Every structure is written in C-alpha cells, then in structure tokens.
Protein chains: 2
Amino acid sequence: MANGSGTGPARRASDRGRYGRLNRERVLSAALALVDREGLSALSMRRLGAELNVEAMALYRYAASKDALLDGLVEALYLELEEQLAADAGEDADWRAGLHRFARATYDVCLAHPQAVPLLATRLLAVPLARRPAAVLRDHERVLALLRKAGFDEATASAVFRAFTAWLHGYVSVELRPMVDNPDETDPAFRLGLHRLSAKELPTLRETAAALAERGGPEGLAAGLDALLDRFTNGSASAASG
Amino acid sequence: MANGSGTGPARRASDRGRYGRLNRERVLSAALALVDREGLSALSMRRLGAELNVEAMALYRYAASKDALLDGLVEALYLELEEQLAADAGEDADWRAGLHRFARATYDVCLAHPQAVPLLATRLLAVPLARRPAAVLRDHERVLALLRKAGFDEATASAVFRAFTAWLHGYVSVELRPMVDNPDETDPAFRLGLHRLSAKELPTLRETAAALAERGGPEGLAAGLDALLDRFTNGSASAASG
DNA sequence: CGCTTACGTTTACGTCGTATAGGGATGGCA
DNA sequence: TGCCATCCCTATACGACGTAAACGTAAGCG
C-alpha cells in the first residue's frame, strides 16, 4: 500500500491534509505531468492514482472514464494555449496577425508537451464537434469570430478555419516526428540510423534524411500559413483587412 | 473454445487446411478489415486471432508485438496507396502533377479506412524515421526523388516534402473529424448537437457549425497544396518544371 | 449532537499483452 | 520406410489494465 508511514490498515483520511483534497485540476495537471515525464503509455488510472497518493477509483469522481480523462488532457493543453494567448498582446492589428498569433501559441504549447500531442489527433477524431472540451470550443469560437469580423462570409470563414487547422496540426505533427534512431550515437549518420535505409532502394531518402531531420521552426509554420491565407485574399473571396 | 465442431480436445492442426496457413499478409488484412468494421478499440490479439480461427499467440509469429502489428497496419495502408498509384497513369507531366496524384491517392486511401487513420498520427509519432515500415519509406523515396528530379536542391526538396506531408495529413485529419453528434436525428441542428453550444459564449461557432460540417473534398486538398507549392516556385528557390 | 452528503477505499470481474512450454504435422535424409 | 529436426500453432499462466458495486469515513450542516 502507498501508506505514508507505519503499518496502519490503510491510508487514513487525515493523510489527505498532507496533499490537500483532490480536484479536477489537480488530477489533470498530474496526468499531464506524468505524460510529459514518461509518455502516454505510462498513464493508467492506477498509476495516476499512485502519483496523487490515492486509489485509482478515486479518480472517477473527476473523470467519468479514462477516455474522458484523455479529453481532459486535451482540454488542459487548450487551457495552456489560452493562458499563453492572454499573456502577450491583447488585440491584433488584423486577422492575419491574429491567426499567426494563434498558430505560434499552439506551436509552442505542442512543443512543450510533445508526448501529449498524439492526443490531439486521436481524441479529436473520436469526439464529435459539439462534445469537444469547452476550451477547444472557445478556441474555435475565437478564430471564427476573428475571421467573421474581418469580413469573410460564413462559407469562406469556415474554409479558412479548416485550412488553418489542417496546416497547424499537420505542421506540428510533422515537426514532432522522431528522426533520431540511436541518441547515444555521435556520428550523425548512425544517429539517424541511415544504415537501415538501403542505398540501392532508397538513395534519395538516404541523402535527404539529414536535411529532413532539421526542424522547420515557427518560421516554417508562419510561411506556410501565409501561403495558404493568400489563396483566400488574392482569390475569389471578399475580405477586408481591419 | 473456438473449435470447429464436436467436443474434441482442441482445434486440430488438420483444421488449418480449411482456411489455409497463416501468413503476414493474411494477418494484416484481417486486422485492417476488423478495424474498418469495428474500430481500433476492437483490435486485440485475442480478437484478431478469433477472426482468423487461431489462438492469439499464433499471431506473434507474424508481428513481434502489438505495436509492431499496428505498424503493420500503417504499412498495409501505404501498400494500398502504392497499388492505387500504380493503377492510374505511370509518369506525371511535371512534379506538381506528381504531388497532386500522390495527395489524391493518399486522400482516397484514408477516406476508405477512416478508423485506421489515427494510426498514421500515433505510430509515425512513435517510430523514428529509419524504422518506419518499408512501404512508408518507399513513399518518401518516391516523393523526394520527384522533387530532386524537378531541380530542387536538397534543402528545398526537404522543405517542400515536409510542407506537403504536413498539409496532406492535416487536411485528412480535419476532414475526418466527426461532426455529427446524433446520427438518428433528422433536424440538422440537432444532428450536429448545436444545443450543446452555448448561444451566449459560442455564437459564431454555433452559426458556422453547419458550414464547418461540410467537407472540403479533394478540391480543397488540391487548392491548399497549390497554395503551398506556389511559395516554393514563385519564391526564392530554383526549380524547373519538367 | 446527529444526519446527510461528498469523497476515497476495497474488492472483484473480465480483458488485455505476452512469456513460456508443449505438441503435432511436415519435410529432408538415411 | 523410418527417424529426426523444424516450423507452426496451442495451452497455460501472470501481472496490469479499466471499471462496477459496495462500503467506510470525514466534513459540513441543522
């Protein structure tokens, strides 16, 4: 048993005072910390309980199921995004700047929690729009409001929103794909595990792998975003810039 | 027990003749079929074994672990992509057309196996480049070769490759996000579950949700791809068009 | 003080991935 | 033909998982 001390029958409720009562935020931040530290596969109800000095079943008071807990983690990421957005400038010069700010903040949050990023893909593919976590919906609202205020009609705003989301999430996902095969190795080629790539069948990949392993960084993200957005301003749609 | 008939001690080896011997391809295609039919969570070693009239442990001869089996599913998707690409025209007019063909084929394969798509995100975030399934590496090789042959230098080809991949995967992922909350409902608003979206706090999202639920289709994919590629041809990089 | 409600524990069940050992068919060689 | 090695699948078992149900026990109220 995870009893604090002695050979008592079990953890006494008075021990709780040591760590304070449980609540949703404590559960979620412990879960996120655990995932950051040891990866998604380390996150089990029992393990998370142990992390909080509590039995696994206690967590079900704050998340209806493990899937709900994972949705909670997604929400936690978006809450961090909201904080990050609140931290710097309030309003943006124009809608493009607004989208860039959003994109950059999302990028930063994702890079800060690389192990949690797969959740964004899996949970958002599992949960229908209306049931997404509140913070996610607030994010959508802000982006859409930004676009509508800029003069885009409903259909165009929705198209821009989708393109924005696709690029942002795709970019982060590609940015986080692991390239290093053997971290202990000093030689770059061995580090990348190039000896696994047949020189006969994969010559181009082999010679490009080193370049591929470089990150695009926030600049790459911004550049692609601009390229996509140009299509909606230079193209058919009607859009103001204030 | 999953015995064919009677009360014999267990399935006899002679029963194998009924279905033929197991092999990797049979295992993977049964796994993909199961995922297509019942979703990723239905895929367990025991269940897949049952599907093949075999005990779970038999599968370990064809996949070293469950994670390896999932990587096998990713490979299966890319094999289907290769088939699809081989089916239509052989060579492309230029590199842009080549990328569009690739993108379209990937889009089609993903839409044909929506339940398997999360694997692309999760497994490619879990496995380093050099250990990706062979079919995935062949895909990379083809795209990179296309770009180098078009005259892009190593760095630019790698940047284009990353942007291409990011857009493609992001687009598919957004396209497959479920929008319908209650499929039994006929009224569009209830179907989307708009009553869950506070009219006060999420007004824009609420009014845009219907438009958001529409798909961008292959056209949207192609449009965004062109927008991104323009950046690399009109911009600084040097690239021919043959 | 006693009652209610909220919170955490205990116990238990079925399923999961997989280590290990065993058995029965198969194919090569005498 | 008979024997043995090899391959393929089964049998059994273990620990961990998610979670239903029932049970204390502490906290806050009158």
Side-chain angles (χ1 to χ4, degrees), chain A residues 1-4 6-27 30-31 34-35 38-73 122-123 126, chain B residues 1-27 30-31 34-35 38-73 119 122-123 126:
Chain A
M1 230 86 321
N3 203 342
T7 53
R11 175 171 37 263
R12 320 299 300 271
S14 51
D15 292 357
R16 265 191 259 142
R18 293 264 294 112
Y19 307 95
R21 268 259 258 338
L22 226 46
N23 60 53
R24 185 148 212 272
E25 195 191 331
R26 249 160 59 71
V27 168
L34 178 56
V35 169
E38 305 189 28
L40 268 175
S41 62
L43 178 64
S44 75
M45 302 303 273
R46 288 173 222 263
R47 179 69 202 284
L48 179 55
E51 213 77 11
L52 289 158
N53 270 276
V54 134
E55 297 300 320
M57 291 308 295
L59 302 172
Y60 283 85
R61 234 170 253 277
Y62 307 97
S65 67
K66 181 163 185 193
D67 275 349
L69 178 71
L70 297 178
D71 290 337
L73 279 186
T122 56
R123 295 311 301 162
Chain B
M1 233 80 328
N3 202 342
S5 66
T7 53
R11 177 171 34 263
R12 322 298 300 271
S14 51
D15 293 356
R16 265 189 258 144
R18 293 265 294 111
Y19 308 95
R21 269 260 258 339
L22 225 48
N23 61 53
R24 185 150 212 269
E25 196 192 328
R26 249 159 60 71
V27 168
L34 178 56
V35 168
E38 306 188 26
L40 267 174
S41 63
L43 179 65
S44 77
M45 301 303 273
R46 287 175 223 262
R47 180 69 203 283
L48 178 56
E51 212 77 12
L52 289 158
N53 270 278
V54 137
E55 298 299 319
M57 291 308 294
L59 303 171
Y60 283 84
R61 209 159 280 275
Y62 307 97
S65 67
K66 180 163 186 191
D67 276 350
L69 177 71
L70 296 178
D71 289 337
L73 281 186
L119 286 178
T122 56
R123 295 310 303 162

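Not measured: the values here are computed from a predicted model. So you know, we letter chains A, B, ... as the sequences are listed, proteins then strands, and number each from 1.
Taking atom CG of B/Leu70 as the reference point, atom C1' of C/dG17 lies 12 Å away to the nearest angstrom. Between the P atom of D/dA27 and the CG atom of A/Leu22 lies a distance of 15 Å, rounded to the nearest Å. Here the C1' atom of nucleotide C/dC7 and the CG atom of A/Leu52 are 14 Å apart, to the nearest Å. Rounded to whole angstrom, the span from the CD atom of B/Glu55 across to the P atom of D/dA11 amounts to 5 Å. The interatomic distance linking A/Lys66 (NZ) with D/dA20 (P) rounds to 15 Å, in whole Å. Regarding A/Arg47, its CZ atom lies at a distance of 12 Å from the P atom of D/dG18, rounded to whole Å. A straight line from CG of A/Asn53 to P of C/dT9 spans 9 Å, rounded to a whole angstrom. If you measure from atom CZ of B/Arg21 to atom P of D/dT6, you get 16 Å, rounded to the nearest angstrom.
Taking every side-chain heavy atom of B/Met45 into account, C/dG17 is the closest of C/dG17, D/dT10, C/dG8.
Phosphate proximity of C/dT20 to B/Tyr60: absent, as no side-chain N or O sits under 4.0 Å from OP1 or OP2.
Within 6.0 Å of CD in A/Glu38 there are more than 12 heavy atoms belonging to other residues, nucleotides or ligands.
The two residues A/Ala42 and A/Leu34 have their closest heavy-atom pair at O-CD2, 3.8 Å. Pairing each heavy atom of A/Ala58 with each of A/Leu22, the nearest pair is CB-CD2, 4.3 Å.
Positionally, the nearest nucleotide of DNA chain D for A/Met57 lies more toward the 5' end than for the other of A/Met57 and A/Arg61. Both B/Ser44 and A/Arg46 lie near DNA chain C, and the one whose nearest nucleotide falls closer to the 5' end is A/Arg46.
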**Item:** Residue pair A/Leu73, A/Val35: steps toward the side-chain contact (heavy atoms from CB on, under 4.5 Å) verdict
**Value:** CA-CA 10 Å; A/Leu73 279 186; A/Val35 169; 4.0 Å; yes
